[in-house]
Amino acid sequence: HSGAMDWQPNVDAIQWFLAEVWPEIHAELPQLNFHFAGRAMPKELFNSLPAGAFCEGEVESAEAFAADKDILVVPLKSGGGIRVKILEAFAQGKLVISTEVGIQGIKVLPKMHFLKANSTTDFVEALQWAVVHPGLAQCVADDGQSFVRQHYNAPEIMASLVEGINGVLKCKV
């Protein structure tokens with residue numbers, strides 16, 4: 001996970017994930033590690049981390065931080081807007097596991113483009129599935145990547161913008 005930690009929904013998400021979700025995941029899948037980073041990281045998130053969890057603080061490059069990670073977890077429970085980090089993860093071919101709130105604003109389908117996880121049990125099951133079925137998990141990641149390439153490219157965005165402007169102009173006759 002990476003995100004601006006001066007935005008309270010990110011802080012709440014990481015605190016919940018570390019306290020409620022990660023201990024369960026680590027008990028079931030001790031070979032996994034959870035790394036998180038972000039600007040303005042609260043000092044308390046560096047302390048008393050559960051086993052297998054690592055707080056990187058602010059990193060020089062979010063892209064470099066994510067380069068050797070296979071999965072992006074987005075445990076957001078509140079907040080709005082499009083999550084650029086999710087689009088970046090899709091573009092990099094990473095598996096995204098997100099709450100419904102976390103994926104809001106991106107018109108992707110669960111089990112096709114990403115894995116939906118709203119509870120501790122959901123996150124544990126999603127990660128177990130990804131570990132047991134790496135080929136299928138990669139198919140989901142690949143479909144997420146295809147979605148971003150199809151819908152978040154310059155020509156597609158420009159066509160959508162032109163269509164919107166034309167629609168407004170037609171109504172102003």
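Looking at Arg39 and Asp6, their side chains come closer than 4.5 Å, going by heavy atoms from C-beta outward. Looking at heavy atoms from C-beta onward, Phe90 lies in side-chain contact with Ile86 at the 4.5 angstrom threshold. A heavy-atom distance below 4.5 Å is found between the side chains of Val11 and Pro42. Considering only heavy atoms from C-beta on, Thr120 stays 4.5 Å or farther from Trp22 through its side chain. A heavy-atom distance below 4.5 Å is not found between the side chains of Asp12 and Lys77. Counting heavy atoms from C-beta outward, Ile97 and Leu72 have side chains that stay 4.5 Å or more apart. Side chains of Glu58 and Met41 form no contact here, defined as non-hydrogen atoms less than 4.5 Å apart. Residues Gln31 and Val131 meet the side-chain proximity criterion, which asks for heavy atoms closer than 4.5 Å.
When every heavy atom of Leu18 is checked against every heavy atom of Ala53, the shortest pair comes out as CD2-CB, 3.8 Å. Closest of all the heavy-atom pairs between Gln145 and Gly93 is NE2-N, 3.6 Å. The two residues Gly79 and Gln104 come nearest to each other via the heavy atoms O-OE1, 3.7 Å. Residues Ala137 and Leu95 come closest through the heavy atom pair O-CD1, 3.8 Å. Of all heavy-atom pairs spanning Lys116 and Asp122, the tightest one is O-CB, 4.4 Å. The shortest heavy-atom contact between Ala64 and Ser61 is N-OG, 3.0 Å.
Using cut-offs of 30° and 60° on the angle between ring planes, the pair Phe34 and Phe36 is parallel. Aromatic ring pairs are classed by plane angle as parallel below 30°, tilted from 30° to 60° and perpendicular above 60°; the pair Phe54 and His35 is parallel.
Note on Val73: it clusters hydrophobically with Ile25, by side-chain heavy-atom contacts below 4.5 Å among ILVMFWY residues. The same ILVMFWY cluster, assembled from side-chain heavy atoms under 4.5 Å apart, contains both Leu136 and Leu127.
Ring-centre distance between Phe123 and Phe17: below the 6.0 Å cut-off.
Remark: side-chain polar atoms of Thr99 are not paired, donor with acceptor, to backbone N or O of Ala117 under 3.5 angstrom.
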